[in-house]
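This is the structure I have questions about; it appears just below.
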Amino acid sequence: MTRFARWTALAACAALLAAGCGGGSDDRDRGGTAIDWGRCEASGDTPAPGDEWQCGTLRVPLDWSEPDGGTIGLALIRAKATGDERLGSLLFNFGGPGGSGVSMMPSYATTASKLRERYDLVSWDPRGVAASEGIRCRDDEEIQAAESVDSTPDTPAEKRAYFADAADFGEGCRESAGKLLAHVSTTDTARDMDRIRQALGDDRLHYFGISYGTELGGVYAHLFPERVGRLTLDAVVDPSADTVGHAENQTRGFQRALDNYLESTGRDPEQGSREIAELLDRLDAEPLPTSSKGRELTQSLALIGIVLPLYGKDGWPVLTSALEAAEEGDGSELLALADGYNERDASGKYGTTTHSQRAISCLDDKQRLTADRTEELLPEFERISPVFGSFLGWDTAGWCHEWPVPGRHDTPEVSAPGAAPVLVVGNTGDPATPYEGARRMADELGEGVGTVLTWEGEGHGAYGSGSDCVDSTVDAYLLDGEVPKDGKVCS
């Protein structure tokens, strides 16, 4: 079972890199919090980043309601500003939840090269993620075995297996994470961000949040409006949406992206979607053989394989090839795409982004839909999208089924009266965080705080995606404090 991750597509393909450090210099705030920066170490087959990168660990409270109790170590990475007119640090979160900032930051540095002229580029693995005591709920064999579970159950037996798998996953998270499982919420991480700000020696937080990182940035602004510096939120999560609302948003977003893809190939979107839905129905009854030994392309894996190339236009030709191969009876290409999304390497090892993602989102969200309620909603989901509707509809009940710890809220609180202006960037073709969320985020941040910049483009995220207008507007805001007019549009 996989929820479509709300994070930048580049992060989905980045290799995991654990933070390590040798001796180095301290960054210390006035309260004594320190990061001991040192050399970044290689992890497994992944080489260490270049010498310009430093890694370190910051201790923060496990439970922010008991700040003098136990602590957890957060892994960080940074590259210092290249110019002489340094503004401070710019903290990045690339989304998920569950994405590793330590592994992603070096890959993103080229995109952010202009920002590095005046900022130290900094990111981290949030609590419960990767090198920050990352949560792992299943081993590789168990993950692969679970791929056979039907994510769109049609029979009583399939429904029992679907919900049993969900409950088993939650139990694995409880056994793996222990006490940490109740302390990986977005609010906990927003408080960690303020401790990072202090440790970096900045009076205000300058921040770039992508996808789920926009929700995290909004929560930070609500908790610490007086500490908001220059915040950019790109590929914006709708803070007004609850569990069903988020699922409906993603159903619309991915169907919209699929329609745009089909139009680009000269096909009628409605007819093309029907044909893809028919392919998925055939796979539900009879999976396709693949070149991966002992593995078949199931309906669920095929759907995940279709999702990945919709994150950016560069993936559209790959999707065409994979769909054509599947129609001819070979599921290998769609399976390879699904493996890329699921972080499965050639040796059969899986990443754990979705483990952390589920732990964080189920702690955030207190809604627990029943199977009966989900089945009532399915016709509407399937009306929105014949391809993605059933999968995302069932996800509303299965994702947090029998989760071991209760959730915190229905929707996150992001109102930030008195905060400095926050730049909110929406992309009209974004599949994972549809464009409408940008306006809703700006409205909830409050009058005079949220400022919307629109890009009429494709893919998940706007900055660094090919628009000089977007890039120059964001750069002017972050580097010079120039706030664009609310509603500015970049074609």
Side-chain angles (χ1 to χ4, degrees), residues 8 81-83 85-95 105 108-123 193 197 200 202-211 213-222 224-237 239 414 416-428 430 433 435 437-457 460-491:
T8 180
T82 57
E85 299 180 4
R86 180 180 177 275
L87 292 169
S89 300
L90 182 60
L91 187 65
F92 286 81
N93 180 280
F94 299 101
M105 191 72 255
Y108 197 76
T110 300
T111 300
S113 59
K114 189 171 183 64
L115 301 176
R116 190 183 169 192
E117 293 175 6
R118 301 192 66 190
Y119 287 105
D120 297 348
L121 303 184
V122 182
S123 192
M193 287 167 60
R197 174 196 63 77
L200 294 171
D202 292 334
D203 291 333
R204 291 176 177 264
L205 180 75
H206 305 306
Y207 174 75
F208 201 127
I210 301 171
S211 197
T214 65
E215 179 180 325
L216 179 58
V219 171
Y220 178 89
H222 171 70
F224 306 102
E226 74 285 358
R227 296 298 186 187
V228 170
R230 297 172 186 174
L231 265 64
T232 295
L233 309 180
D234 185 8
V236 186
V237 174
V414 299
V422 174
L423 182 58
V424 180
V425 187
N427 172 12
T428 58
D430 195 315
T433 52
Y435 168 73
R439 183 72 267 169
R440 291 169 188 153
M441 174 66 81
D443 289 344
E444 294 220 353
L445 285 168
E447 186 176 356
V449 180
T451 297
V452 175
L453 170 66
T454 298
W455 180 42
E456 296 176 337
H460 188 39
Y463 186 77
S465 296
S467 169
D468 291 339
C469 173
V470 169
D471 293 354
S472 62
T473 302
V474 173
D475 289 344
Y477 167 74
L478 286 172
L479 297 173
D480 302 315
E482 296 180 8
V483 181
K485 181 180 179 181
D486 185 29
K488 178 178 178 177
V489 177
C490 292
S491 299

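Only this structure's heavy atoms are used, side chains among them; waters, hydrogens and symmetry mates stay out.
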What closest approach, in Å, do Cys469 and Thr473 show between heavy atoms, and which atom pair accounts for it? O-OG1, 2.7 Å

Run Met193 and Asn93 through side-chain contact (heavy atoms from CB on, under 4.5 Å) and show every step you take. CA-CA 10 Å; Met193 287 167 60; Asn93 180 280; over 6 Å; no

Kindly write out the residues that satisfy side-chain contact (heavy atoms from CB on, under 4.5 Å) with Arg204, not counting sequence neighbours, or none if the list is empty. none

Check: Thr214 side chain, Val237 main-chain N or O, donor-acceptor pair, under 3.5 Å: yes

Relative to each other, are the rings of Tyr220 and Phe224 parallel, tilted or perpendicular (30° and 60° limits)? tilted

What's the spacing between Leu478 CG and Leu87 CG if we round to 0.5 Å? 9.5 Å

Side chain to side chain, Thr433 and Glu215, heavy atoms closer than 4.5 Å: no

Please tell me if the side chains of Tyr463 and Asp471 come closer than 4.5 Å, counting only heavy atoms from C-beta onward. yes

Measure from the side-chain N and O atoms of Ser89 to the backbone N and O of Asp120, and report whether any donor-acceptor pair falls under 3.5 Å. no

Heavy atoms of Gly95 and Ser211 approach each other most closely as CA-CB, 4.4 Å

Could you label the plane-to-plane angle of the His206 and Tyr119 rings as parallel, tilted or perpendicular, counting under 30° as parallel and over 60° as perpendicular? perpendicular

Between side-chain atoms of residues 444-456 and protein atoms elsewhere (two or more places apart, or another chain), which donor-acceptor pairs fall under 3.5 Å?
from   : atom 1 : to     : atom 2 : distance (Å)
Thr454 : OG1    : Tyr435 : OH     : 2.7
Glu456 : OE1    : Ser491 : OG     : 3.3

Salt bridge (Lys or Arg N to Asp or Glu O under 4.0 Å) involving Arg227 - partner list, sequence neighbours excluded: none

Other residues, nucleotides, ligands: >12 heavy atoms within 6.0 Å of Glu85 CD: no

From Ser465 OG over to Asp234 CG, what is the distance, rounded to the nearest 0.5 angstrom? 7.0 Å

I want to check something: taking the side chain as every heavy atom from C-beta on, are Tyr108 and Leu121 in contact at a cut-off of under 4.5 Å? no

Heavy-atom pair of closest approach, residues Cys490 and Ser467: CB-OG, 4.0 Å

Taking only residues two or more places apart in sequence or in another chain, which ones pass side-chain hydrogen bond (donor to acceptor under 3.5 Å, both in side chains) with Lys114? none

I'd like to check the salt bridge (Lys or Arg N to Asp or Glu O under 4.0 Å) partners of Asp443; sequence neighbours left out, ordered by chain and number. Arg439

Any residue meeting side-chain hydrogen bond (donor to acceptor under 3.5 Å, both in side chains) with Tyr207, in chain and number order, not counting sequence neighbours: none

Closest non-hydrogen atom pair, Pro417 against Pro225: O-CB, 3.8 Å

Considering all heavy atoms of both residues, which atom of Asp202 and which atom of Arg197 are nearest to each other, and what is their separation? O-NH1, 2.7 Å

With heavy-atom distances below 4.5 Å as the criterion, would you say the side chains of Leu479 and Leu115 are in contact? yes

Between the CE atom in Met105 and the CG atom in Leu91, the distance rounded to the nearest 0.5 Å is 9.5 Å

Ala221 to Leu231 - nearest heavy-atom pair and separation: CB-CD2, 4.5 Å

Enter the distance from Ile210:CD1 to His460:NE2 here, rounded to the nearest 0.5 Å. 8.5 Å

